[in-house]
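What follows is a single structure, written as structure tokens, with notes after it.
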Amino acid sequence: MEQLVRRVGVDPKHRADADVTTLQEAQLLREACKSAEDISFAARIGSTFRQSQTLTGYIAKSSKTLGSAIENSARFYTLADSETNFDLSRTSSEDVMKIENNNGALLRHHRFQEFLVFGLLARLRVLAGVDFFPEKLCLQHEVGDHQQPFTKLAGCRVEFASEFTGIVFGQTTLDLPMANYDPSLVDYLSELGANMLAAHGTHRDSYRAQVEKHLIKQLPGRILSADEVADKLAMSRRTLTRHLTAEGTGFREIVDGLRFDIAKTYLKDGLSISEIAFMLGYADHAAFSTAFTRWAGQSPRTFQKSNQGH
């Protein structure tokens, strides 16, 4: 464990939780899965999650139903993690909870996304007091032929290459009553949370993180142009270029770095080179192979043979 912690830039002898960033947590999960030689290891860790001693944890526990627990805690989750948002949408046909990362750099960490979804499911099961089973868990990335351990762990369908990351619930699941419902405590904690949010202020991600977020949202199959990303950020391409230059980077550098990082993950997960080329928006297998060889100094096939399963 000390070796893994050091790999992500944290000194285990002087570590405090406040000193560990969310990105370092994501990197640690990636390293842990690699060391364990188990692609589902991060999901397994998430599945052991039980209690949350935070304002969001207490307000969820005191809510009336599982649905209101999600809605109440989602309002104040930014106090615990400013880089993650939860959005609950309820319709007559289905209830969907989406997990969104404000930091685009986190979206490339697939094991971290699995950790979030499986950890959320474990926490909701504890709150409900029963091992309910959702319609499905959704993850935006692919895992090739490794779906079976995730399905077994969840006890329900796990859909990869989904349009979003989150959970689709059965029609009555979110109506499950909470055993510790306390309306007075909910009112008190809601007021406390609102005051803390006001004092917390707003947080703006780096322009690089914002660019990565929009790029990853468009995958698989297409990479947005600089003009398209600038438009989504409500600025001109020249203004975007100026902001990225001030951060010591450029649009093409971000695109290449993102593609390279995701490509390495997919190659290790055993996806075919043709599949990866399509997912990363390349015209064909050859174009992707040329780009990857330039980045890694070896062909994607050679890289995959020496790293598959890690």
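All figures in this text were calculated on a predicted structure; none of them were measured in a lab.
In this structure, the salt bridge (Lys or Arg N to Asp or Glu O under 4.0 Å) partners of R90, at least two apart in sequence or on a different chain, are D95, D175.
Atoms OG and CG, on S62 and N180 in that order, are 7.0 Å from each other to the nearest 0.5 Å. Atom CD1 of I59 and atom CG of L189 lie 5.5 Å apart (nearest 0.5 Å). Separation of atoms CD1 (I223) and CD (E228) is listed at 10.5 Å; rounding is to 0.5 Å. The CG atom of L215 sits 10.0 Å away from the CZ atom of R108 when rounded to the nearest 0.5 Å. Of the inter-residue distances, the one linking L29 atom CG with H109 atom NE2 reads 9.5 Å to the nearest 0.5 angstrom. Residue R111 holds its CZ atom at 6.0 Å from SG of C33, rounded to the nearest 0.5 Å.
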Test side-chain contact (heavy atoms from CB on, under 4.5 Å) on L127 and K61; report intermediate values, then the result. CA-CA 6 Å; L127 287 172; K61 188 176 180 180; 4.2 Å; yes
After noting the C-alpha distance and the side-chain angles of E135 and R157, does the key distance pass the salt bridge (Lys or Arg N to Asp or Glu O under 4.0 Å) rule? CA-CA 7 Å; E135 292 291 329; R157 178 185 172 196; over 6 Å; no
Apply side-chain contact (heavy atoms from CB on, under 4.5 Å) to residues L185 and Y58 and explain how you reach the verdict. CA-CA 9 Å; L185 185 56; Y58 286 118; 5.8 Å; no
Evaluate side-chain contact (heavy atoms from CB on, under 4.5 Å) for M235 paired with H243, printing each intermediate quantity in order. CA-CA 11 Å; M235 63 181 67; H243 285 310; 3.9 Å; yes
Evaluate side-chain contact (heavy atoms from CB on, under 4.5 Å) for R259 paired with F292, printing each intermediate quantity in order. CA-CA 9 Å; R259 279 173 154 170; F292 189 89; over 6 Å; no
Mind running side-chain hydrogen bond (donor to acceptor under 3.5 Å, both in side chains) on T290 and T293 for me, showing each step along the way? CA-CA 5 Å; T290 298; T293 301; over 6 Å; no
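Linking ILVMFWY side-chain heavy atoms closer than 4.5 Å, directly or via other members, places F118 and L106 in a single hydrophobic cluster. Hydrophobic clustering (ILVMFWY, side-chain heavy atoms < 4.5 Å, transitive): Y77 and V186 are in distinct clusters. Residues V143 and F278 do not share a hydrophobic cluster, clusters being chains of Ile/Leu/Val/Met/Phe/Trp/Tyr side chains in contact below 4.5 Å. L107 is connected to L258 through a chain of hydrophobic side-chain contacts under 4.5 Å among Ile, Leu, Val, Met, Phe, Trp and Tyr, so both are in one cluster. Following chains of ILVMFWY side-chain contacts shorter than 4.5 Å, one cannot reach V168 starting from M97, and the two form parts of different hydrophobic clusters.
Using a 4.5 Å cut-off on side-chain heavy atoms (C-beta onward), N101 and Q113 make contact. In this structure, the side chains of P220 and E275 stay at 4.5 Å or more apart for every pair of heavy atoms. The side-chain heavy atoms of I70 and F86, taken from C-beta on, include no pair separated by under 4.5 Å. Within the 4.5 Å cutoff, side-chain heavy atoms of Q210 are placed close to those of L233. Side-chain contact between E159 and L139 is absent, with no heavy-atom pair separated by less than 4.5 Å. Contact check for L121 versus P134: side-chain heavy atoms found under the 4.5 Å cut-off. Between H146 and F160 there is no side-chain heavy-atom pair separated by less than 4.5 Å. Contact check for Y181 versus S63: no side-chain heavy atoms found under the 4.5 Å cut-off.
Contact check on R30 versus D261 returns a salt bridge, with a Lys/Arg side-chain nitrogen under 4.0 Å from an Asp/Glu carboxylate oxygen. For E71 and R75, the salt-bridge test fails: no basic side-chain N is under 4.0 Å from an acidic carboxylate O. A salt bridge does not link R208 to E247: none of the charged nitrogens lies less than 4.0 Å from a carboxylate oxygen.
A side-chain donor from one of T302 and S299 sits under 3.5 Å from a side-chain acceptor of the other. For T54 and T56, the side-chain atoms include at least one donor-acceptor pair closer than 3.5 Å. Side chain to side chain, H141 and E114 meet the donor-acceptor criterion of an N or O pair below 3.5 Å. With hydrogens and angles left out, the side-chain atoms of S225 and D227 include no donor and acceptor closer than 3.5 Å. With hydrogens and angles left out, the side-chain atoms of T22 and E25 include no donor and acceptor closer than 3.5 Å.
A donor-acceptor pair under 3.5 Å links the side-chain atoms of Q304 to the main chain of L267, judged by distance alone. At least one donor-acceptor pair closer than 3.5 Å links the side chain of D284 to the backbone N or O of A286. Judged purely by atom type and a 3.5 angstrom limit, T48 uses its side chain to pair as donor or acceptor with the backbone of I45.
Counting heavy atoms of neighbouring residues, nucleotides and ligands inside a 6.0 Å radius, atom CZ of F41 does not exceed 12 of them. Heavy-atom neighbours of K213 NZ from other residues, nucleotides or ligands within 6.0 Å: above the threshold of 12. The number of heavy atoms from other shown groups lying within 6.0 Å of CZ (R294) is above 12. Atom CZ of R222 sits in a crowded spot, with more than 12 heavy atoms from other residues, nucleotides or ligands closer than 6.0 Å.
Scanning both residues, V211 and I254, for their nearest heavy atoms gives CG1-CG2, 4.0 Å. Looking at every heavy atom in both residues, I273 comes nearest to S289 through CG2-OG, 4.1 Å. The two residues L240 and A226 have their closest heavy-atom pair at CD2-O, 4.0 Å. The shortest non-hydrogen separation linking L219 to M279 is CD2-O, 3.1 Å. What you find for L88 and G67 is that their closest heavy atoms are CD2-O, 3.8 Å. Residues S306 and Q298 approach most closely at OG-OE1, 4.4 Å, considering heavy atoms.
A cation-pi arrangement, defined by a distance under 6.0 Å to the six-membered ring centre and an angle within 45 degrees of its axis, is absent between R44 and F115. Taking the centre and axis of the six-membered ring of F251, the NZ or CZ atom of R237 falls outside the cone set by 45° and 6.0 Å.
The aromatic rings of W295 and F260 are tilted relative to each other, their planes meeting at an angle between 30° and 60°. Between F169 and F132, the angle of the ring planes lies from 30° to 60°, which puts this pair in the tilted group.
Ring pair H110/Y266: centre-to-centre distance below 6.0 Å.
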Can you give the donor-acceptor pairs under 3.5 Å from side chains of residues 147-154 to other protein atoms, not counting sequence neighbours?
{"unit_1": "T151", "atom_1": "OG1", "unit_2": "Q147", "atom_2": "O", "d": "3.3"}

